[in-house]
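To start, the structure under review is shown below, and the notes come after it.
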Amino acid sequence: MARAYDAQAIEQKWQARWRDEGTFEVDNDDPRPPFYALCMYPYPSGAAHQGHVRNYTFGDLVTRYQRMQGKAVLSPLGFDSFGLPAENAAIRTGTHPRAFTDARIAELKNSLVRLGAVYDWRREVRSHDPSYIHWNQVIFLRFLEAGLAYRANAPVNWCPGCQTVLANEQVLADGTCERSGDQVVTRDLEQWFFRITRYADELLDALDALEWPERVKVMQRNWIGRSEGAEMDLAVVGHPGRILTVFTTRPDTTFGMTYAVMAPEHPLVDELTTDECRPAVEELRQRVATESEIQRMSSAEAGPALEKRGAFTGSYVVNPFSGAEVPLYVADYVLMRYGTGAIMAVPAEDQRDWVFAKLHDLPVVRTVEPPPGWEEQGGEAYAGDGRKINSGFLDGLGIAEAKEKAIEHLETRGIGRRTVNYRLRDWLVSRQRFWGCPIPIVHCPDHGPVPVPEDQLPVLAPTDVEFLPTGQSPLAHHEGFLHTTCPVCGKPATRETDTMDTFVDSSWYFLRFCDPFDADEPVEPGAALRWMPVDQYIGGIEHAILHLMYARFYTRALIDVGLAPDDLPREPFRRLFTQGMIRMDGSKMSKSKGNLIAPSRYYETVGADALRLFHLFVGPPADDFDWTDQTDEVIEGCARFLDRLWRLVEGAGPEGGQGGPLAAGAAGGRAPSRTGGRTAEDDAVRRATHRTVEQVTGDIERWSYNTAVAHCMELANLLRGYARTDPHAQVLGEGCDALLQLLAPMAPHLTCELWERRHGSRLEDQRWPSFDPALVVEETVTMVVQVNGKVRDRLDVPATIGEEEARAAALASERVVAALGGVEPTRVVVRAPRLVNVVTA
RNA sequence: GCCCGGAUGGCGGAAUCGGUAGACGCGGAGGCCUCAAAAGCCUUUGCCCGCAAGGGCGUGCGGGUUCGAGUCCCGCUCCGGGCACCA
């Protein structure tokens, strides 16, 4: 494809200038109003893929646009450089993870530079930088002091093949390890946790005020899973003084409790199981113990037969409202980690209990009157609202009132209390891996886990390690690293060999960017107060829950332990935009799927500007996009547009409009030289220019980049036609300038080059164009005339036309008269100046 | 199962407040330029009937509200995503 200009030469020229001049570096004392634009901390997987290109094109557009709006824009970038792939590569090839990772970072950085994405690279942070590790460890120890970090025994996903704990995301739906394929089992291990649950309410409540996509907020609300209800203490028959505490969100249904259930791991199972029931209960507990939680959760369909899922203990508990003695079961559908690990079962109002009750022939007592016909239609558990029945002092009430009254009753009698439960669990941060931030703890035989003193931080992993495919972290076998002395007593002790979850690194990097040079503290208060919160955060929907939740938690925790200023906003990301995925043949385009289309091949042909424009133009930024066989043609269409833009602007000549030689291929062949008074057509072009400025500004503000590009194309098309006539030099020049300014954040290299050729000045220093409100109102509009709702005529009328004139003009139309066929209108709806509807019926 | 999205020409998409459906681009057709091609430029392009003028149909399906519905309401179908024993 023959190009009008040399994209590669121009792109290299401007990229070099931006780098050498530090054009987009920003100092913390910059007097302009601050704007913090941030793309999510990328994992350095090598050269950028199209998903990166899309993400960084959006981010770069925001940066450049806000800068043109007169803001001091902080646009930093760093690398989430810890993680498993580097370690796997080390095992496979013998390369040290650091060398592997640094090479990948260089590649990714290079492909972002070639995209024309601009950052203040002085602020670059990498997770594996010793200084970042240092502050990560300081933060960990402060969390520990504040009780926000703690060590506990916990059931975890353990892969016997890999000899390591897995994150939930690494366990597939069938309960196998995504890497080795081994069946993952649940194991109890001593692990480090962060107490994110302390912030559950705040993290939930603060969501309302965030300018985030609603679906992300919904996902976070579900993840936190706050549910309000009551705990109640059940007396156990034949075990005086023994109580079984259950949690319910439906205390109003207590009269309908016809049995109770404990989780298989419940501490009272042994004591409350009678000898004749013990074999069945034991069998159940054995099975559950060897299953991972994921398997257990899916056992409803794939697991053992339903009736095997529960077993009678032989004991009975007392229904606290009715006094009835009801059987106590153990069943795998009750989870130890949620609530109290035991439930009262109300089959009439809970579908799970219903299914279980039917299988075990347990009675059903309805406490809410179902709607008429419910039973006849085969209705099972009824969870909807209705009048209370069979419920003694609650009879006749609605559910909400009955709940309140039931809780009061429990509290008055001292056998229960109002309780809130959360689905959210504390964050397990231990990882049995090498390529992560070491946890700065020493285990002393006498003093237990002891923090490494702050003046001995950072604890760095040794470099002389061997990577073997044993699945074990090399740290656990490195004698030099492992053996140390106890900071308290000086006796021999061993280091903690676990590292931190890599989500730790991405939980506060945005705070470090504010002043990454500060050697005294992780977060420099003045800088953080100046830049935070992030004004626009951009990333993938896949981080909707974990990363965004952890970052929200970290920001609060850092403030509360005194590592960030008290008056720092507690929400780190004011506005969030989640971009759509790029798919190919129905699945996500990704390295692991092997369906990447490398951006470099477009840099080398159509250029980065064309690729950027394509990603902006192809559809709404929030929507997924399918990469197909036709995609290359669309990219070429974008390149063609840029070619035409080049010819148009070059043809318009330099500033002043004295007419330069028209570039080869430009239609018309005549330089615009007319000045002085303007014709009606000149004015129409001016109006179109100003209207386009208005439209594109609005488009960009509401993330409608595809229409922003379309509106620019429209103006360019108009100007090309105008340039072929006898254009007014200033009018054409104004149109071209506006177009270059509007496109500057989208196709920066080309527009900077054209601007420099036209004006000899720098487009990066220009302000975003403004429009004259008087010029965006149209003089004449097309008025649609309908007869009974069908369009019969279109009339050009003055925009200021009055209702009566519009009516008269419409009724005078020949086409309208013909369509009426002599029938008298019964009504004429006039919406001047756009529409008249003549109604006969 | 529950909770969100979405469905518009051959394709990606546009229509910001209930008022011209299909902006912009891709693809297609025809033409100019050329010995020829590529590139570029111009015209045209929702579907159907018609030589034309013109007419009819048309935003997943069925109803409704309205002078007027892609847009609002009710009931479905299909597709995509999230959650899924959380008591």
Side-chain angles (χ1 to χ4, degrees), chain A residues 1-4 214-216 218-219 221-223 225 227 229 246-250 253 261 296-300 309 331-335 337-346 349-353 355-356 421-425 541 544-545 581 583 586 614 617-620 622-626 628-638 640-641 643-644 647 664-668 695 698-699 702 704 706-714 716-717 720-721 724 781-791 794 815 818 825-831 834-841:
Chain A
M1 180 174 171
R3 301 298 306 271
E214 199 51 40
R215 67 176 172 142
V216 175
V218 168
M219 283 161 80
R221 285 189 194 108
N222 292 342
W223 187 260
S227 57
V246 296
F247 173 73
T248 179
T249 56
R250 291 293 302 274
T253 63
V261 190
R296 177 167 159 187
M297 294 300 201
S298 58
S299 62
R309 301 190 50 206
D332 69 353
Y333 80 90
V334 175
L335 307 174
R337 67 168 164 72
Y338 188 81
T340 60
I343 61 161
M344 67 167 198
V346 185
E349 276 96 32
D350 183 292
Q351 186 61 25
R352 290 159 303 177
D353 296 346
V355 171
F356 192 87
N421 253 301
Y422 301 90
R423 212 190 75 110
L424 182 71
R425 286 188 280 169
I541 188 75
I545 298 177
M581 267 185 342
R583 285 186 315 226
F614 157 76
F617 178 62
V618 75
D623 288 6
D624 287 353
F625 165 71
D626 279 302
T628 68
D629 295 347
Q630 291 161 45
T631 299
D632 275 0
E633 288 167 342
V634 179
I635 295 172
E636 290 197 359
C638 291
R640 274 201 293 273
F641 166 70
D643 279 331
R644 288 193 294 262
R647 294 190 196 100
Q695 284 169 329
D699 289 338
R702 64 195 170 87
S704 183
N706 53 329
T707 57
V709 176
H711 284 130
C712 288
M713 288 175 167
E714 228 174 325
N717 290 344
R720 286 193 312 129
R724 271 200 306 276
V781 299
T782 304
M783 184 172 80
V784 172
V785 186
Q786 300 177 330
V787 175
N788 294 324
K790 282 183 202 277
V791 178
R794 294 183 165 93
R815 291 164 190 265
T826 54
R827 184 178 170 193
V828 180
V829 179
V830 182
R831 292 286 179 273
R834 291 279 167 197
L835 176 133
V836 175
N837 189 9
V838 182
V839 184
T840 59

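Just so it is clear: chains get the letters A, B, ... in the order the sequence lines come, proteins before strands, and each one is counted from 1.
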Under 4.0 Å between a side-chain N or O of [X] and OP1 or OP2 of [N]?
X: Arg815(A); N: G54(B); result: yes
X: Arg221(A); N: C3(B); result: no
X: Arg724(A); N: C42(B); result: yes
X: Thr628(A); N: C11(B); result: no

Could you work out which one of [options] sits closest to the side chain of [X]?
X: Arg794(A); options: A21(B), G40(B), G12(B); answer: A21(B)
X: Asp699(A); options: U16(B), C67(B), A84(B); answer: U16(B)
X: Arg720(A); options: U20(B), C42(B), C26(B); answer: C42(B)
X: Arg702(A); options: U16(B), U20(B), C67(B); answer: U16(B)
X: Thr707(A); options: A15(B), C11(B), C24(B); answer: A15(B)
X: Arg215(A); options: A15(B), G81(B), A87(B); answer: G81(B)
X: Asn717(A); options: C67(B), U20(B), G25(B); answer: G25(B)
X: Met713(A); options: C24(B), G12(B), A87(B); answer: C24(B)
X: Val634(A); options: C83(B), C41(B), C26(B); answer: C26(B)
X: Arg831(A); options: G25(B), G19(B), A87(B); answer: G19(B)

If you look at every strand shown and take non-hydrogen atoms under 4.0 Å, does [X] touch a base, only sugar-phosphate, or nothing?
X: Thr826(A); result: nothing
X: Asn222(A); result: nothing
X: Val618(A); result: sugar-phosphate
X: Gln786(A); result: base
X: Val839(A); result: sugar-phosphate

Exercise for the section: Examine distances only and state if a side-chain atom of Asn788(A) and a backbone atom of Thr840(A) form a donor-acceptor pair shorter than 3.5 Å. Expected result: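 Yes; judged by distance alone, with no hydrogens or angles, the pair exists.
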Exercise for the section: Please check if the side chain of Asn421(A) supplies one atom and the backbone of Ser227(A) the other of a donor-acceptor pair under 3.5 Å. Expected result: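 Not confirmed, Asn421(A) side chain does not pair with Ser227(A) backbone.
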Handout entry: CZ/Arg720(A): more than 12 non-hydrogen atoms of other groups inside 6.0 Å
Key =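 Counting other residues, nucleotides and ligands, CZ of Arg720(A) exceeds 12 neighbours.
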Exercise for the section: Starting from the 5' end of RNA chain B, give me the residue, Glu714(A) or Gly339(A), whose nearest nucleotide shows up first. Expected result: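 Nearer the 5' end of the strand: Glu714(A).
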Practice task
Over 60° means perpendicular and under 30° means parallel, so classify the ring planes of Phe356(A) and Tyr333(A), tilted if in between.
Solution key: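 Geometry flag for Phe356(A) against Tyr333(A): tilted rings.
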Practice task
Just name whichever nucleotide pairs with C2(B), Watson-Crick or G-U, keeping both distances under 3.5 Å, else none.
Solution key: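 Pair assignment: C2(B) / G82(B).
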Exercise for the section: Tell me the partner of C76(B), counting only Watson-Crick (N1-N3 plus N6-O4 or O6-N4) or G-U wobble (N1-O2 and O6-N3) with both under 3.5 Å; none if nothing fits. Expected result: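 Its partner is G60(B) (Watson-Crick or G-U wobble, both distances under 3.5 Å).
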Handout entry: Interatomic spacing from NE2 in His711(A) to CG in Asn706(A) - rounded to 0.5 Å
Key =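 It comes to 10.0 Å.
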